[in-house]
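Note that the structure is a prediction, hence the values are computed from the model and not measured. In listed order, ligands and their atoms are each counted from 1. We're numbering straight along the sequence, starting at 1.
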Amino acid sequence: MNIIVNGGTRGIGRELVRLFSEDSSNRLIVTGRNETALNSLSAGYLNLKIIQLDLTDYERQSPRFLSEVMSFFDKVDILINMAGLLINKDFADITGKEARAIMETNFFGPAAVIKTLKPFFREGSHIINISSMGGFQGASKYRGLSYYSASKAAIACLTECLAEEFHESGISVNCLAIGAVQTEMVAEAFPGYKAPVQPKEMAEFITGFALTGNKYFNGKILPVAVSNP
Ligand SMILES: NC(=O)c1ccc[n+]([C@@H]2O[C@H](COP(=O)([O-])OP(=O)(O)OC[C@H]3O[C@@H](n4cnc5c(N)ncnc54)[C@H](OP(=O)(O)O)[C@@H]3O)[C@@H](O)[C@H]2O)c1
């Protein structure tokens, strides 16, 4: 399988990379901004290409991203849009720059990556967008997460729209609205909070879903949490 983990340098994404790498028939492209983390991934795994990418500056970087993808893949079987930015600040306090960075990282960037990769998807390809319970309609909402939750709702809705546009090509698009996972993101945004799920556990679920979920779901926004909705 040719797999792209967009945002695989830390947290759940890094665990996804580790799990997919256990199958030596998989070829992986991993993106992120952190050069040190990217280099350590490329040193640790065969069949893995790293592409440094900042989703807040995607339009400028997209020609290089495309040519680097083309140098390694002629098709993409699985794309997981994992990258995300959470800034925990009240709506009244968040700056325009911070709000735009959230929307670029969580919505415009992943959307543009899908657009760039569209010619690489084939019948049977599976695109998975990672949203949050905060962006799931009807789920509990939390103070400080207005733009984050809105960005996650946007990528969830885009999922439904793209599934409609792509279904004639046999390309599936699903969205996982995941609950709290104990990652660096959560530790930085909510110091002291302990999430009930570990990154490895969530990555195991997402890996399995990426491989087989498109047999049963297309255009779906699935809550992946035992509480909250
Ligand atoms: N952890 C949770 O409780 C939770 C709950 C619901 C949803 N989620 C979602 O799950 C996904 C993964 O979360 P996580 O907790 O594993 O987060 P994390 O530990 O902060 O990892 C985020 C990943 O996104 C990448 N990234 C961030 N900003 C980027 C940018 N501007 N350009 C390119 N890559 C960027 C990071 O790479 P670099 O730093 O190298 O750029 C990193 O690989 C996110 O979409 C998050 O919103 C998480």
Side-chain angles (χ1 to χ4, degrees), residues 4-19 28-42 50-62 64-65 79-88 97-98 100-113 128-136 139-142 145 147-156 158-159 175-191 193-206 209-210 221-229:
I4 299 184
V5 180
N6 184 26
T9 50
R10 68 177 205 173
I12 306 162
R14 190 171 183 119
E15 289 297 323
L16 280 178
V17 172
R18 196 183 57 72
L19 287 170
L28 279 160
I29 290 178
V30 183
T31 74
R33 293 163 303 175
N34 185 325
E35 200 174 354
T36 309
L38 286 168
N39 286 336
S40 83
L41 284 171
S42 90
I50 51 167
I51 304 179
Q52 196 173 26
L53 191 64
D54 183 349
L55 292 168
T56 64
D57 184 32
Y58 184 74
E59 291 308 321
R60 200 176 63 80
Q61 298 181 17
S62 64
R64 177 181 52 80
F65 175 66
L79 165 67
I80 305 183
N81 272 320
M82 204 67 227
L85 174 66
L86 187 160
I87 299 172
N88 178 11
K97 191 175 174 193
E98 289 169 330
R100 278 190 291 278
I102 292 170
M103 294 305 292
E104 294 286 352
T105 310
N106 299 353
F107 177 64
F108 289 116
V113 165
I128 298 112
N129 294 319
I130 301 298
S131 181
S132 163
M133 287 304 293
F136 188 78
S140 304
K141 299 293 178 278
Y142 297 98
L145 298 183
Y147 275 100
Y148 175 77
S149 300
S151 70
K152 291 299 188 179
I155 195 75
L158 183 78
T159 301
C175 176
L176 299 177
I178 65 177
V181 181
Q182 190 59 43
T183 63
E184 293 94 328
M185 171 186 276
V186 163
E188 287 163 9
F190 310 101
Y193 172 76
K194 291 285 172 234
V197 176
Q198 295 304 309
K200 180 173 177 283
E201 296 171 312
M202 185 57 80
E204 281 166 352
F205 174 80
I206 296 173
F209 183 80
I221 304 160
L222 302 167
V224 186
V226 287
S227 59
N228 198 340

For [X], counting its heavy atoms only, list the atoms of ligand 1 lying under 4.0 Å from any of them.
X	value
M185	15 (O), 17 (O), 18 (P), 19 (O), 20 (O), 46 (C), 47 (O)
I12	16 (O)
G7	43 (O)
Y148	6 (C), 7 (C), 8 (N), 9 (C), 46 (C), 47 (O)
G8	43 (O)
S131	7 (C)
N34	38 (P), 40 (O)
V186	1 (N), 2 (C), 3 (O)

Donor-acceptor under 3.5 Å ([X] side chain, [Y] main chain):
X	Y	value
Q61	D54	yes
Q182	V197	no
T31	G7	yes
T9	L38	no
N129	A156	no
R64	Q52	yes

> Just one of L16, V181, V186 clears the side chain to side chain contact (heavy atoms under 4.5 Å, CB included) bar with P199, so which one?
Replying inline: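 For P199, the side chain to side chain contact (heavy atoms under 4.5 Å, CB included) test succeeds with only one of L16, V181, V186, which is V181.
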
> Of V5, V17, I130, I178, which meets side chain to side chain contact (heavy atoms under 4.5 Å, CB included) against I12?
Replying inline: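 Checked V5, V17, I130, I178 against I12; only one passes side chain to side chain contact (heavy atoms under 4.5 Å, CB included): I178.
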
From [atom], work out which of [options] has a heavy atom at the shortest distance.
atom	options	value
atom 37 (O) of ligand 1	V30, T9, L176, I130	T9
atom 4 (C) of ligand 1	P110, S132, G179	G179
atom 20 (O) of ligand 1	R10, E184, M202	R10
atom 29 (C) of ligand 1	R33, K152, Q61, E104	R33

> Is R14 close to L41 at the side-chain level, that is, under 4.5 Å between some pair of heavy atoms?
Replying inline: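 Result yes, sub-4.5 Å side-chain heavy-atom pair found.
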
> Got L53 and N6 here, is their nearest side-chain heavy-atom distance under 4.5 Å?
Replying inline: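 In contact.
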
> Is it true that atom OH of Y147 has more than 12 heavy atoms of other residues, nucleotides or ligands lying nearer than 6.0 Å?
Replying inline: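 Atom OH in Y147 is not crowded, with 12 or fewer foreign heavy atoms closer than 6.0 Å.
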
> Should the heavy atoms of other residues, nucleotides or ligands under 6.0 Å from CD of E35 be counted, would the total exceed 12?
Replying inline: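 Check fails, neighbour count at 12 or below.
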
Have a look at ligand 1 and work out which part of [X], if any, has a heavy atom under 4.0 Å from it: side chain, backbone, both or neither.
X	value
I178	both
M82	both
V181	both
L53	backbone
T105	side chain

Short N or O distance, [X] and ligand 1, threshold 3.5 Å exclusive:
X	answer
G13	no
A180	no
T183	yes

> What heavy-atom pair brings N81 and V113 nearest, and what distance separates the two atoms?
Replying inline: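 Heavy atoms of N81 and V113 come nearest at OD1-CG1, 4.3 Å.
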
Can you pull out the closest protein heavy atom to [atom]? Residue, atom name and distance to 0.1 Å, please.
atom	value
atom 32 (N) of ligand 1	L55 N, 2.8 Å
atom 31 (N) of ligand 1	D54 OD1, 3.0 Å
atom 24 (O) of ligand 1	A83 CA, 3.2 Å
atom 22 (C) of ligand 1	G84 O, 4.0 Å

>> Does the plane of the ring in F190 sit parallel, tilted or perpendicular to the ring in Y193? Use 30° and 60° as the thresholds.
In response: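 Plane angle over 60°, so perpendicular.
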
